[in-house]
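Notes for the one structure printed next.
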Amino acid sequence: GLAVVVLIALARAACGQTIDLTPYLSEYTPNGSVKQFTGFDGTSNTNFVRTVTQTNSAGLLLWQVVDTYAITDVEVSYFGIQGGYLMAYGTSDSADTYFSQAGGASLPLQMVIAQTYVLPTAVYDGTDATGAYTLTETNSVRAIGFESVTVPAGTFTNALRIEVTSVDWYDYGVPPIYGPVNHTETNWLVAGIGEVKFGFQDTYPDQPSDTWVERLTQYLVVTNQPHSVITGPGLSATLAVSVATNLAVAHQWMKNGAA
């Protein structure tokens with residue numbers, strides 16, 4: 001049961017088990033992925049499709065994460081790997097855009113179970129309906145342990161639970177600075193697949209809080225792209241592609257754009 005798994009995770013913490021998060025961040029690779037989530041924010045459904053591709057943004061080679069809730073409701077975020085961290089560079093949607101050329105540390109790539117990591121303060125430049133602002137964000141993260149998680153896409157017995165707490169302050173150039181906006185988030189990550197479930201709550205100083213949970217329904221993560229092969233005339237060449245998915249898949253090899 002879940003309680004037993006949590007106890008096992010806490011027992012591991014006593015041993016100081018170190019986790020390499022790289023296999024759990026398989027979404028953020030040059031291979032790309034497509035996922036579908038279903039969720040509820042207490043009022044309405046929050047279903048969305050997530051696609052991850054590599055892109056060049058502001059001169060940086062980053063992973064572009066596009067969450068599409070509807071044709072007119074799309075959120076685009078940018079991530080990269082730098083200095084031993086998964087870095088968050090910014091997010092854009094219909095109401096708000098913020099970005100940092102330096103990025104902000106989002107997750108350490110090496111974490112010890114049950115140890116809390118206070119990450120370096122991140123600063124972003126943004127614009128919303130109120131105007132231009134500077135966002136200052138502080139984050140702390142903690143790996144709780146391994147749990148069994150059941151979502152529409154299946155049961156994952158080895159999901160790594162990560163908890164994130166952040167505090168945001170918005171400076172619009174005139175007093176007072178708006179904040180704090182407190183964000184708490186729990187993520188369940190599976191090696192080779194990435195995020196399978198997440199939930200969070202945002203609390204504001206002057207409006208009701210936001211709360212919702214998202215669960216994975218479908219996924220296709222490319223784990224290995226074909227590699228170039230050099231061979232001689234009349235000889236064969238073997239190409240291969242690997243995916244992690246709960247869908248029936250097929251592939252078609254192309255030569256100069258033709259099957």
Side-chain angles (χ1 to χ4, degrees), residues 28 37 39-46 48 50-53 55-108 116-142 162-187 195 198-214:
Y28 307 110
F37 287 84
F40 189 70
D41 64 3
T43 303
S44 59
N45 292 328
T46 54
F48 69 91
R50 170 175 294 172
T51 58
V52 182
T53 56
T55 187
N56 191 302
S57 180
L60 300 170
L61 188 61
L62 303 174
W63 294 292
Q64 179 178 267
V65 180
V66 180
D67 291 344
T68 303
Y69 296 85
I71 295 176
T72 57
D73 188 2
V74 180
E75 182 178 277
V76 183
S77 301
Y78 298 93
F79 296 89
I81 301 292
Q82 180 180 326
Y85 292 97
L86 174 68
M87 304 290 289
Y89 287 86
T91 296
S92 177
D93 59 27
S94 59
D96 187 13
T97 297
Y98 61 90
F99 192 83
S100 169
Q101 188 77 16
S106 179
L107 280 176
T116 298
Y117 296 81
V118 178
L119 304 181
T121 298
V123 179
Y124 301 88
D125 294 320
T127 304
D128 61 14
T130 303
Y133 62 81
T134 298
L135 166 62
T136 302
E137 181 175 83
T138 56
N139 288 297
S140 63
V141 298
R142 180 182 173 94
I162 303 285
E163 294 186 349
V164 180
T165 302
S166 64
V167 181
D168 295 345
W169 295 89
Y170 295 80
D171 185 352
Y172 289 90
V174 292
I177 295 176
Y178 181 77
V181 177
N182 296 292
H183 176 86
T184 57
E185 182 172 344
T186 303
N187 298 272
E195 203 165 39
F198 64 91
F200 61 84
Q201 180 179 57
D202 291 329
T203 58
Y204 307 91
D206 59 354
Q207 56 184 299
S209 62
D210 294 328
T211 303
W212 69 80
V213 176
E214 299 284 349

Hey, what do you get for [atom1] ([X]) to [atom2] ([Y]), rounding to the nearest 0.5 Å?
X	Y	atom1	atom2	value
Ile177	Asp171	CD1	CG	4.0 Å
Arg142	Thr186	CZ	OG1	12.0 Å
Leu62	Ser77	CG	OG	11.5 Å
Leu107	Leu119	CG	CG	7.5 Å
Asn182	Asp168	CG	CG	8.5 Å
Leu61	Ile81	CG	CD1	12.0 Å

Is it the case that the side chain of [X] and the backbone of [Y] share a donor-acceptor pair, with hydrogens and angles ignored and the cut-off at 3.5 Å?
X	Y	answer
Ser106	Met87	no
Glu214	Gly39	yes
Thr55	Ser57	no
Gln201	Ser209	no

Could you pull out the closest heavy-atom pair between [X] and [Y], with the gap in Å?
X	Y	answer
Tyr172	Ala132	CD2-O, 3.4 Å
Ala122	Gly104	CB-CA, 3.6 Å
Pro120	Tyr85	CD-OH, 4.3 Å
Phe37	Glu195	CZ-O, 3.6 Å
Asn139	Ala105	ND2-O, 3.9 Å

Compare all side-chain heavy atoms of [X] with those of [Y] and state whether any distance is below 4.5 angstrom.
X	Y	result
Thr136	Thr121	yes
Asp41	Asp210	no
Glu137	His183	no
Ser94	Thr72	no
Tyr124	Thr91	no
Asp93	Val74	no
Ser100	Tyr89	no

Below 6.0 angstrom between ring centroids: does that apply to Phe200 and Trp212? yes
Working for side-chain hydrogen bond (donor to acceptor under 3.5 Å, both in side chains), residues Thr97 and Ser92: CA-CA 4 Å; Thr97 297; Ser92 177; 3.0 Å; yes
Evaluation steps, side chain to side chain contact (heavy atoms under 4.5 Å, CB included), between Thr203 and Val181: CA-CA 6 Å; Thr203 58; Val181 177; over 6 Å; no
Test side-chain hydrogen bond (donor to acceptor under 3.5 Å, both in side chains) applied to Asp128 and Tyr98, step by step: CA-CA 9 Å; Asp128 61 14; Tyr98 61 90; over 6 Å; no
For the pair Tyr69 and Phe48, name the ring-plane relationship: parallel under 30°, tilted 30 to 60°, perpendicular over 60°. tilted
Please name all residues satisfying ring pair (Phe, Tyr, Trp, His ring centres under 6.0 Å) with Tyr170, sequence neighbours left out, ordered by chain then number. Tyr133
